[in-house]
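This is a predicted model, so every value here is computed, not measured. Any value given below was found using the heavy atoms of this structure, including those in side chains, with hydrogens, waters and symmetry copies removed. All chains are named by letter (A, B, ...) in the order of the sequence lines, taking the proteins before the strands, and each is independently numbered beginning at 1.
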Number of protein chains: 4
Amino acid sequence: MKNTFGNKLSFTIFGESHGKEIGIVLDGLKSGIRIDEDFIDHQLSLRRPYGKLGTARVEKDPFSIVSGAFNGYTTGSPLTIIIPNENTKSSDYSDTRYLARPSHADYTAYVKYNGYEDYRGGGHFSGRITAALVAGAAIVIPALKEEGIIIGTHIRNLAGICDRDFDDYKSDIEFLNNEKIAVLDKDAKKAMIKAIEDAAADGDSVGGHLESVILGMKPGIGDPFFDSLESVYSHGLFSIPAIKGVEFGNAFEDCRLKGSEFNDPFSVKDGRIVTDTNHNSGINGGISNGMPIVIRCAVKPTPSIFKEQKTVDLEKNENSTITLKGRHDPAIIHRARVVADSILALITYDVIS
Amino acid sequence: MKNTFGNKLSFTIFGESHGKEIGIVLDGLKSGIRIDEDFIDHQLSLRRPYGKLGTARVEKDPFSIVSGAFNGYTTGSPLTIIIPNENTKSSDYSDTRYLARPSHADYTAYVKYNGYEDYRGGGHFSGRITAALVAGAAIVIPALKEEGIIIGTHIRNLAGICDRDFDDYKSDIEFLNNEKIAVLDKDAKKAMIKAIEDAAADGDSVGGHLESVILGMKPGIGDPFFDSLESVYSHGLFSIPAIKGVEFGNAFEDCRLKGSEFNDPFSVKDGRIVTDTNHNSGINGGISNGMPIVIRCAVKPTPSIFKEQKTVDLEKNENSTITLKGRHDPAIIHRARVVADSILALITYDVIS
Amino acid sequence: MKNTFGNKLSFTIFGESHGKEIGIVLDGLKSGIRIDEDFIDHQLSLRRPYGKLGTARVEKDPFSIVSGAFNGYTTGSPLTIIIPNENTKSSDYSDTRYLARPSHADYTAYVKYNGYEDYRGGGHFSGRITAALVAGAAIVIPALKEEGIIIGTHIRNLAGICDRDFDDYKSDIEFLNNEKIAVLDKDAKKAMIKAIEDAAADGDSVGGHLESVILGMKPGIGDPFFDSLESVYSHGLFSIPAIKGVEFGNAFEDCRLKGSEFNDPFSVKDGRIVTDTNHNSGINGGISNGMPIVIRCAVKPTPSIFKEQKTVDLEKNENSTITLKGRHDPAIIHRARVVADSILALITYDVIS
Amino acid sequence: MKNTFGNKLSFTIFGESHGKEIGIVLDGLKSGIRIDEDFIDHQLSLRRPYGKLGTARVEKDPFSIVSGAFNGYTTGSPLTIIIPNENTKSSDYSDTRYLARPSHADYTAYVKYNGYEDYRGGGHFSGRITAALVAGAAIVIPALKEEGIIIGTHIRNLAGICDRDFDDYKSDIEFLNNEKIAVLDKDAKKAMIKAIEDAAADGDSVGGHLESVILGMKPGIGDPFFDSLESVYSHGLFSIPAIKGVEFGNAFEDCRLKGSEFNDPFSVKDGRIVTDTNHNSGINGGISNGMPIVIRCAVKPTPSIFKEQKTVDLEKNENSTITLKGRHDPAIIHRARVVADSILALITYDVIS
C-alpha cells in the first residue's frame, strides 16, 4: 500500500512534479464535517515558497474538491482534492536526465522503475506531492479542533540557530499556525532567514529540526506494538521527503538519564491524572496518557544546490558532474513544517476515529 | 491491525507477560527455508537476562514451532512459534494492581481497556512479548544471509559511555552477533557493564542508544512516501517498548550541515554505483541505494526501578507512592538490541519479497 | 479500506453520480506498461448506454490520465484516471430527496451518513462510479494479455432467455470483447434486446446472469483461506452494485452431484497436468490449477423503474409513494458485463503480481 | 494477508491437519467480553464428526486460550486459542504422497510450494483448520447476542432433499443452534442422514446448500463498493474449503424477476422502516437496511471418496489412479454449517465494531 496510509481514515496520494495534477483521496471521513476552503488555501499558502526564499515557479495551488463534499460538508464518501500543476518547465530537465542528483531519488527511481519513471523535477518523489497532504489535512484539522485537539510545529533549529522552547503550548501553537516562517523567537527567526539567504547566495542549502506538538489528545488512544502512536506517527513523518530522524520528546538526549530521572511521576491534578514531567512525550506503551505529544524531526538540508557536484551518468555508468540550473528553495524546512502538521493531523484523525 | 505488521511477510504477535504462552505467526514466508532450531535458541539467549544483569525470573524460552514447518523446512503456510511462560509469580502484582508504575503502560492500559487488562508484569505491554519477535526473526535471518543481507546492532552509548564507531561493517556485525553484550570496544563494554551494575545497586536503571546496520541490500528496494524504507523500519522499531527515537545515519547532528556537505556524491566503483559519503544512510527517496543502512535508536532507561516513586492510585484517583519489589533488569538496552535486529530482519524480508 | 482494494496492485475509487469528477488510482502497477488510450475508450464505450437502451444522459467519458504515466508508459507511480461528469441535471433529484427509492441505497445511505450524503442520482452508490473501474482495468488488460491471460463475459441469461454455452473459450472471448451486447447466440441476443425494450416500454426493468471466463491463468496462483481466488474474486464482484450472487462454475446445481461425479480427475495431456472435467472451475484449495476459471454472477433487475412504487418519506417517517421521472436504463446487465470483466482483470493483475 | 482477515476485528489462523497445533488469533476484541468455555466446547462439538457420519479420527478439540483473556474476560489484547492435533496417523499419507487427490489442493499446493508443503491430510488446506475459526467465533457470538444479533444456518438441501423454509427466524435459529444436524424439518433430516449413509456405504459423498440468517443487524452497517456487506461476507465464506457459490437471498432465481417484482417496497411499521419483501436480503448499496440478511452457500460434495479415481503422479508426471484408504466424512456440509455461522459471526463483529 505504498501510497495509501491509515486505517479508519485512509489517505491515498498521487501525482508528479511535472504531471497534469496531484491529488489526495481521503476515505473514512465522518459525514457532516464543514469544509472551509479558505482554510485549505491558508494551509497551502504556508507550504508555498515565500518571497526570496523560493523557486522561480510560484505554484498557486488552485485546488478543487472533486468528490466527497456536498453543500459545504463532507458526505462520508471518499473526498478527493485535485491540484493542477501549472507553470511547469519540463525542458529544464531533459539535459540532465541521466545525471543522478546527489541526495535525490534519481538513481534509486531509475533502478526501481527501469527508466520509465517521470524524471522531471523528481516526478512522484517531489516535495510537490506533499501539497496534496496539506490540502487533505486542512479538511480534518477543523474537525480535530472541535474535539479539542490542536497541532503546531516550529523550526527548533536551523543551521545551528535555535528557536526558544515552547512556553505556553496553546498560545504558541496559535501563533505558529498563522506564521509563514514558524519560529517563536523573533531574533531567531531573523537569523534563520539570513542563514537561508546566505546559503542561497552561495548556491547552497540548509536543514534543521522541526518540533511539533499535539495538544488535547485524550488518554487511551493508540495501541501497544505495531500501532503504537510512536509507530504510526513516525511512519507518516518519515514519508515526508527529507525527514531522516524522529524522536518523541527529547529522546536522544534524555536516554542518558537514569530511570529515576526519566520516569514521569503521576499526580492527580484537578481530579485528572497528569504526569509531573513529560519525558515520555505523552505516550506510555504506545498509548496516549493525556499529556502533550512532542515530536521532533531531523530535516536534512535541501538536496537541490547550485554548486557543481560529483555524480554518475546512469546511462553510461561512468563518473560525471552536475550543476543544477534555475532557482530552487535553499531551505525546505519552513515549508516542511506545515507538511509535518498535516501528516500528524491526518494520523491523529485516524487514531481517534 | 494492531498486532500484525508487514505486507508480503506479515507477522502477528500475541501473549502476556504472565499468561500461558506468547507467540508469533509468520505469514508469507517462502517455502523451503531450512529451519535452524539452534539458531533460534541462540537468538533467544541473546534476549535473556545475563548473569547479575537480570531479573530473578530466568526464562528458558523452550519454544515450539507448531505450524508451517515440515521435515525441517518452511512449508509456505503460516509458521507459528509458541513460547510458554514459566516461573511466573503472579502474586507479586496483585498488591500494586492500582498503583500505576511511572513510565509503564499501567495507566494508559487501564484507561483503554477499562480495567480488564492483564496487569501482571505489564501484561501484553511487557518486553517479554518481544521474545516472540526474536524467535520469528530467527527463521528469516538465515534466508536473508543467503541473499547477501546481514544485520547487526551495537550499543552505541549507555549512560554516557560510548562504544567505538563501526569499522569494517561485515566483521563487526559477525562479532556482535555472537556477543551477549553487543559492544565493539572491550573497555567501553567493561565500563557499560559497571554502569549497569552501579545503577542496579542503587535500585536505578540506565538507557542509551543502539546503532544497527543492514548490509547487502540491493539498490531499488522500498518505495516513496508511505512505504519508504524509513517509514517501515521506524514503524517496526517504535513498536519495541522503550524506543523513543529513531534516526537514519547521524541525522539529528547532520541536519546542521550545508547541502553541499550533506549530499552524498555518486561514483562508479568496480562498475557499481556507490556514494562517497553515506549521510543519507543508504536510502534516497525511500528506496535503497545499495549503501549500508545505518539506523540509531534512542532507548529510554528501563522504567522498572526500585526507588520509591510518586504515582496515583487508579482506583481511588488519588496521589500515592509505589516501590517495586523483586529484581528486574536495570538495563534492557543490551537485550533490546537483538529485538532491534529481529524487527529489522523481519521487515527486510518483507520488503525484498 | 472501503474504497481501496487489492494487495500488490491496489485500486482506489472515488466520485459521485452528479459530482465534479469520478476517478481511480491504481497503485502497484509495474513500470513500462504501454498505455493504449483507444482501448480505454473502447472499454468505456462498452459501459455506456446503447441506442434506445439507455438513460437520456449520454456520458462521453472524456477521461484524462493525470498521474503515473509518462511518454505513453506507466511509470510505476500511482496512475490516476479522472472522468469528469457532464450533462448532470441535479434538479431532477431535489423533489424526491426524502423518498427512498426501493432497491436503491437511498435509505441506508441516509442512515449511515446522517443526511449528509450526496443523494443526487445515487451519489457515490451510483453505477456511474464503475466507469472508473473500467478505465483503470483498461490499463492492465493489455498487460494480462502479454502474460497469456484473457477475460471475457457474456450474458448467460436475461429475463429467462438463455445464451448458448461457451464453446471455444478463446474465440468466444475475442468475439464478446468487441460486442456492445455480449451474447454469443444471435437469436438469443435479439430476444434479449426485445425483452429489454418491452420492459422499458412498460416502465419496468430486467436482470439476469453473467458468466465470465478467465483463461490462461497458470497453476499455483492464489492462496488457501482468506486470499483464496474465490474469496478475492467474489469480494470484487460483489462490490459491483446489483450483483447479489456469485458462483464458480455451475456450483449451485453441481452441489447435487455425488463426489464421484463432481471430482475432476487429473490427467497428463501434452506433458501438462489438466483435469478432465472442470467442476471446480480451475480452483483447488483457493489456488489456480491451470484450467479455465468460470464465474457466474446474479445481477438483479435494475432498481430504477418508472411505475409507481410504495416507499417511505425519510424526513416524515411515514408511508408514501414514488414515481421516478426521466429515462433510465431498463437493464444494466449488458453494461455490468464490462464492469465484471474489469474487476476480474484488476484482481487477476493483483494476484499474479 | 493470506491468513488474516478483518479490519477492526482481525483474525489470523494457522495450523495443519497433522501438525502439532492449530489456532486462531483474534485482534481487536473489546475488553470485558465474558468468555464461556462451555459454549466454545459446544460449538466445536457441532463441527466434529457425528456417530457413523465421520472419520475414524475423533478429535476431542481440547482447546486452550493462551492469551488475551484474564479472570474470565477478554482483555482487549490479541486473544489466541490453540487446539492441539491428536490421534494423527501420518503414515497413512506417505504412500500416496505424489498422487494428487482429485478436487483436493494436493496438485495446486505442490506447484505453489515446490513440494515443501505438509501434504499429510491436506496440511494447511484441511477443513481441520476451520475448528480454529469455530473456537474463535465462539468468543464473539455471545457478544453479538448482547447487541441483539443472532446467526443460524440450516442445510437447505442435500443430495436433492430439501429442508423446509425458515418460518420464524428467531425460534428457528435457536432450534438450529442446538442441533448436531441442522435441519428444520424432521423428515427431511432423516432422509438426509440416510442419503449420507448410503453415499458412505458406496464409498461416495454428497454436497448441498446451506442457508444462513443474520438477524438483528441495525440499519446503516457496511459500506458501498469494496466493503459492501456482500463483499466481506462472501470473502469470508469463500475461504471455507468446499464452498463454491454464495448468493444473497434467492439471487440466482430472483434475477429472472422484473424490477417491479424484485424491488422491496419500504413501509413504516411500528415507527420503524422495514421492507415488505426482502429480495435484497437486508442489504442495499452494500449497507444493512435492518431486514434479515439471508445468505446461501453451495457446498461441493466432500472430495474424499473411496472409489478408485483417475489422477496423475506429480513426481513422475504421468497418469495414475488413487484409491483412498481409511474413513472420511461422506458429507461435510453438516459440519460446514457451524463454520459458516462462525465466519459470519466474526465478520459481523468486525463490521459493527
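Of all residues in residues 236-243 of chain A, those placing a non-hydrogen atom less than 4.5 angstrom from a non-hydrogen atom of chain B are F238(A), S239(A), P241(A).
With chain B as the partner, the residue from S234(A), G285(A), A251(A) showing the most heavy-atom pairs under 4.5 Å is S234(A). Among the candidates F248(A), F262(A), F225(A), the residue making the largest number of heavy-atom pairs closer than 4.5 Å to chain B is F225(A).
If you measure heavy-atom distances from T277(B) to chain A, you find no contacts under 4.5 Å at all. Only the side chain of D204(A) comes within contact range of chain B, with at least one heavy atom under 4.5 Å from a heavy atom of that chain. For a residue to count as touching a neighbouring chain, one of its non-hydrogen atoms must lie under 4.5 Å from one of that chain's; by this rule N157(B) touches chain A with the side chain only. Contacts between Y233(B) and chain A at a heavy-atom distance below 4.5 Å are absent for every atom of the residue. Interface residue N3(B): backbone and side-chain heavy atoms are both found under 4.5 Å from chain A. For Q309(B), the part lying under 4.5 angstrom from a heavy atom of chain A is the side chain only. Heavy-atom distances place both the backbone and the side chain of K300(A) under 4.5 Å from chain B. Residue I343(B) touches chain A through its side chain alone, counting heavy-atom pairs closer than 4.5 Å. With a 4.5 angstrom heavy-atom cutoff, T275(B) does not touch chain A via any of its atoms.
Between F11(B) and F226(A), the distance separating the two ring centers is shorter than 6.0 angstrom.
Residues in residues 264-282 of chain B take part in these salt bridge (Lys or Arg N to Asp or Glu O under 4.0 Å) pairs, two or more places apart or across chains: K310(A)-D276(B). For residues 235-263 of chain A, the salt bridge (Lys or Arg N to Asp or Glu O under 4.0 Å) pairs, not counting sequence neighbours, are K244(A)-E230(B), E247(A)-R296(A).
Under the 4.5 Å side-chain criterion, counting only non-hydrogen atoms from C-beta, F252(B) is in contact with H209(A).
Remark: Y107(A) pairs with F266(B) by the ring pair (Phe, Tyr, Trp, His ring centres under 6.0 Å) rule, at least two apart or across chains.
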